[in-house]
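Please read the structure below before turning to the comments.
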Amino acid sequence: MDSTPDDGEGIDVPPPHEAYANAPGLRRELHQVLALDAERDGRRAGPGTGSPADATAAERARLLRRAALMDRLACAAPGPGPIAAAAETAEQLVLHDRRHPDLVAGPHRPDTITLARNHRLYVRQEYAAWTAAGRPGT
């Protein structure tokens with residue numbers, strides 16, 4: 001049983017500069033995330049996916065990259081808009097991971113932190129674990 005507090009306090013996750021140390025530059029990542037969104041929405045042709053498991057992993061990678069990008073932007077220019085966008089995309093990742101817990105890479109499960117404002121901590125944990133695992137799903 002996980003006894004970690006649900007408010008994010010005391011949860012050991014890497015700070016942004018460590019979690020995103022191996023991330024592409026913001027401009028490059030923005031273009032890549034927009035391209036992934038366009039492929040998903042059918043506005044741009046993309047590589048075909050294999051099995052449904054591959055599609056689920058690819059969707060998770062897209063959500064994770066999008067949430068990490070929004071978190072990085074909110075860290076770079078904190079304000080109500082960027083912070084709200086980061087919280088919203090983090091929540092989308094949490095909802096996905098609740099449905100697909102087998103894809104969670106870090107030590108804390110998506111329900112460990114229940115306050116939405118702290119789901120950004122979950123994004124940082126998952127991005128760091130995802131890059132350490134070789135960026136599966138991409």
Side-chain angles (χ1 to χ4, degrees):
M1 180 174 171
D2 188 346
S3 62
T4 307
D6 70 357
D7 62 0
E9 292 298 316
I11 292 181
D12 185 28
V13 298
H17 70 277
E18 288 178 18
Y20 305 128
N22 296 317
L26 285 172
R27 178 175 283 187
R28 181 173 170 218
E29 185 68 349
L30 176 62
H31 287 287
Q32 291 177 351
V33 168
L34 289 172
L36 291 171
D37 286 346
E39 289 171 13
R40 179 183 181 262
D41 297 343
R43 293 177 281 130
R44 176 180 167 178
T49 58
S51 72
D54 292 342
T56 301
E59 175 63 4
R60 190 208 190 246
R62 184 190 73 79
L63 289 170
L64 176 60
R65 289 178 70 181
R66 192 167 179 257
L69 174 64
M70 292 298 120
D71 185 43
R72 292 172 64 200
L73 290 170
C75 289
I83 290 171
E88 180 181 333
T89 56
E91 179 67 18
Q92 291 168 0
L93 176 66
V94 165
L95 292 173
H96 183 274
D97 285 359
R98 284 178 184 153
R99 290 187 307 271
H100 305 283
D102 55 309
L103 296 176
V104 174
H108 302 293
R109 308 318 278 169
D111 289 323
T112 301
I113 304 169
T114 59
L115 298 179
R117 72 175 190 270
N118 288 322
H119 285 159
R120 289 172 60 192
L121 297 175
Y122 178 74
V123 171
R124 292 172 194 162
Q125 166 196 273
E126 289 302 300
Y127 193 88
W130 178 71
T131 55
R135 304 182 92 166
T138 56

Heavy-atom check, side chain of [X] versus side chain of [Y], under 4.5 Å:
{"X": "His96", "Y": "Thr56", "answer": "yes"}
{"X": "Glu59", "Y": "Arg62", "answer": "yes"}
{"X": "Thr89", "Y": "Leu63", "answer": "no"}

Between Cys75 and the options Met70, Arg124, His17, the side chain to side chain contact (heavy atoms under 4.5 Å, CB included) test singles out Arg124

The single option from Leu26, Leu34, Leu64 that satisfies side chain to side chain contact (heavy atoms under 4.5 Å, CB included) with Leu69 is Leu26

Please test Arg135 against Arg65 for side chain to side chain contact (heavy atoms under 4.5 Å, CB included), starting from the C-alpha separation and ending with a verdict.
CA-CA 10 Å; Arg135 304 182 92 166; Arg65 289 178 70 181; 3.9 Å; yes

Nearest heavy-atom pair of [X] and [Y]: which atoms, and what distance?
{"X": "Ala61", "Y": "Pro136", "result": "CB-O, 4.0 Å"}
{"X": "Gln125", "Y": "Pro107", "result": "OE1-CD, 3.5 Å"}
{"X": "Ala77", "Y": "Pro82", "result": "O-CG, 3.3 Å"}
{"X": "Pro24", "Y": "Tyr127", "result": "CD-OH, 3.8 Å"}

Check your understanding: Does Ile83 share a hydrophobic cluster with Val123, counting links as ILVMFWY side-chain heavy atoms below 4.5 Å and allowing steps through other members?
Key -> no

* Intermediate values then yes/no, side chain to side chain contact (heavy atoms under 4.5 Å, CB included), Leu95 and Arg99 -> CA-CA 7 Å; Leu95 292 173; Arg99 290 187 307 271; 4.0 Å; yes

Check: Would you say the side chains of Tyr20 and Asp71 form a donor-acceptor pair under 3.5 Å?
Finding: yes

Next on the checklist: Check this for me, if you would: do Arg60 and Glu126 make a salt bridge, where the nitrogen-to-carboxylate-oxygen distance has to be below 4.0 angstrom?
Outcome noted: yes

